2 protein chains.
Amino acid sequence: MTTPVLDLAFAALSDPTRREIVQRLAKGAARVTDLVQPFDMSFNAVSKHVKVLERAGLVRRTRTGREHHIALDPEPIRRIAGWASRYERFWSDRLDKLEVFLKANRKRD
Amino acid sequence: MTTPVLDLAFAALSDPTRREIVQRLAKGAARVTDLVQPFDMSFNAVSKHVKVLERAGLVRRTRTGREHHIALDPEPIRRIAGWASRYERFWSDRLDKLEVFLKANRKRD
DNA sequence: CATATATTCAACCTGTAGGTTGAATATAGC
DNA sequence: GCTATATTCAACCTACAGGTTGAATATATG
């Protein structure tokens, strides 16, 4: 029941619509209404997506009157990058790839 | 219906069990049976998790007899890191954070 | 050959994800 | 004050996720 940061962040970003929203917000904050435009989907659907992003901490909301301004909070993305960087050592490191492969087959010798 | 690389990779990694499996595989390939050990869950459940990782391209399977050797393929993680790095500019860059915040409020002036 | 081991496949269950529609709520503007 | 705008809330639907159990399948081993 912990559903920690990475769980929520990864899950939120697994949806292409939400990644597109994040990308859009990188260019500056926007109202929910502004975010709807590029999508072939109801306002409510986008509103829900924003809520998911908010729950994951990827987005901050500030209310001014009836308008909600949605701003990117890149911290969870940073966490993801941190998590991923543990595997940098493996990326296209052909020696390491070979090693992993050999280790798999060595067991049978 | 495209369900491209990032969709599947992010979704696969949103589950803590699967991230743990990935971490385990970073130390070397393993059979499905070997992967079950740390988890309080049926063999079949773990087998399913492995299948999800495989479908996401995070894992490669080589059959030798009745044993399946599961090896990490870090390429999708690299893709995620690449995606995340677009936002490096924002990470704890307080000037940028301020800018985003101001842009949100400027609209109302 | 008979049995133990490694694995998937298939059916099932419960919960949640992503979408819809139809209110309800609150603020803005004439 | 009335109407338009920005937004959430609530109910609903369908599909899929993550787990279970019980076969089925294929390879090792005495």
Side-chain angles (χ1 to χ4, degrees), chain A residues 1-4 6-22 24-25 29-56 58-71 104-105 107-109, chain B residues 1-4 6-22 24-25 29-56 58-71 104-105 107-109:
Chain A
M1 291 293 105
T2 20
T3 45
L6 282 181
D7 290 34
L8 291 171
F10 273 120
L13 294 172
S14 72
D15 185 286
T17 301
R18 287 193 290 259
R19 285 200 307 277
E20 211 172 321
I21 291 175
V22 164
R24 162 65 205 276
L25 290 174
R31 300 174 306 156
V32 181
T33 303
D34 301 327
L35 294 172
V36 175
Q37 191 254 320
F39 301 109
D40 184 26
M41 132 191 351
S42 74
F43 177 94
N44 277 9
V46 173
S47 171
K48 270 190 173 186
H49 279 304
V50 169
K51 246 169 287 184
V52 172
L53 290 169
E54 192 180 14
R55 179 144 182 275
L58 283 154
V59 130
R60 235 165 6 91
R61 182 191 304 257
T62 52
R63 254 143 295 210
T64 54
R66 64 184 167 182
E67 299 183 346
H68 296 205
H69 281 96
I70 313 296
N105 295 353
K107 278 205 174 138
R108 304 226 12 88
D109 295 348
Chain B
M1 293 290 107
T2 21
T3 43
L6 282 180
D7 290 34
L8 291 171
F10 273 120
L13 295 172
S14 72
D15 186 286
T17 301
R18 286 192 292 259
R19 286 200 305 279
E20 212 172 320
I21 291 175
V22 164
R24 163 67 206 272
L25 290 175
R31 299 175 307 156
V32 181
T33 301
D34 301 327
L35 294 172
V36 175
Q37 191 255 319
F39 302 108
D40 184 25
M41 132 190 355
S42 73
F43 177 94
N44 277 9
V46 173
S47 170
K48 268 190 175 188
H49 279 304
V50 170
K51 245 168 288 183
V52 172
L53 290 169
E54 192 180 15
R55 179 145 182 275
L58 282 154
V59 129
R60 234 163 11 89
R61 182 192 304 254
T62 53
R63 254 143 295 207
T64 54
R66 65 186 167 183
E67 299 185 347
H68 296 204
H69 280 97
I70 313 294
N105 294 353
K107 278 206 172 136
R108 304 225 13 86
D109 294 348

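Here is how names work: the chains are called A, B, and so on, in the same order as the sequence lines, proteins then strands, and each is numbered from 1. It should be emphasised that the depicted structure is a prediction, and the values quoted were computed from it without experimental measurement. Any value given below was found using the heavy atoms of this structure, including those in side chains, with hydrogens, waters and symmetry copies removed.
- Nearest to the side-chain atoms of A:Lys51 among the listed nucleotides D:dC9, D:dT7, C:dG18 stands D:dC9.
- Straight-line distance from the CE atom of B:Met41 to the P atom of D:dT21: 13 Å, rounded to whole Å.
- Note that the CZ atom of A:Arg18 and the CZ atom of B:Phe10 stand 11.5 Å from one another [nearest 0.5 Å].
- Atoms CG and CD1, from B:Leu58 and B:Ile70 in turn, are 12.5 Å apart once rounded to the nearest 0.5 Å.
- To the nearest 0.5 angstrom, A:His68 atom NE2 is 9.5 Å from A:Glu54 atom CD.
- Regarding contacts with the backbone of C:dG18, a side-chain N or O of A:Arg18 is found under 4.0 angstrom from either OP1 or OP2.
- The distance from atom CG of A:Leu8 to atom P of D:dA17 is 18 Å, rounded to the nearest whole Å.
- Put simply, the side chain of A:His69 reaches to within 4.5 Å of the side chain of A:Arg31, judged on heavy atoms.
- Considering only the side chain of B:Ser42, D:dT21 comes nearest among D:dT8, C:dG19, D:dT21.
- Atom CG of B:Leu53 is separated from atom P of D:dA17 by 13 Å (rounded to the nearest Å).
- Taking every side-chain heavy atom of B:Arg31 into account, C:dT7 is the closest of C:dT7, D:dT7, C:dG19.
- Atoms CZ and CG, from A:Arg19 and A:Leu53 in turn, are 11.5 Å apart once rounded to the nearest 0.5 Å.
- Rounded to whole Å, the distance from CG on B:Asp7 to P on D:dA15 is 19 Å.
- The CZ atom of A:Phe43 sits 12 Å away from the P atom of D:dC9 (whole-angstrom rounding).
- When distances are taken from the side chain of A:Asp15 to each of C:dT5, C:dG18, D:dG19, the shortest belongs to C:dG18.
- Here D:dT7 is the nucleotide among D:dT7, D:dG19, C:dA6 with the atom lying nearest to any side-chain atom of A:Val32.
- The A:Glu67 side chain lies nearest to D:dA6 when the options are D:dT8, D:dA6, C:dT7.
- Distances were taken from every side-chain heavy atom of A:Lys48 (C-beta onward) to each of D:dT7, D:dG19, C:dT20; the shortest belongs to C:dT20.
- Once rounded to the nearest 0.5 Å, the distance linking NZ of B:Lys48 with OG1 of B:Thr17 reads 13.0 Å.
- Checking D:dG19, D:dG22, C:dT20 against the side-chain heavy atoms of B:Asn44 singles out D:dG22 as nearest.
- Nearest-nucleotide assignment on DNA chain C puts the 5′-proximal partner with B:His68, out of B:His68 and A:His49.
- Considering only side-chain atoms of B:Ala45, the nucleotide from D:dT21, C:dA6, D:dG19 that sits closest is D:dG19.
- Between A:Glu54 atom CD and D:dT8 atom P there is a gap of 8 Å when expressed in whole angstrom units.
- Side-chain atoms of A:Arg66 come within donor-acceptor range of the base of D:dT5, with a qualifying N/O pair under 3.5 Å.
- Within the 4.0 Å cut-off from OP1 or OP2 of C:dG18, not a single side-chain nitrogen or oxygen of A:Thr17 is found.
- One atom, CZ of B:Arg55, and another, C1' of C:dC9, lie 17 Å apart when rounded to the nearest Å.
- Atoms CZ (A:Arg61) and C1' (D:dT8) sit 9 Å apart, rounded to a whole Å.
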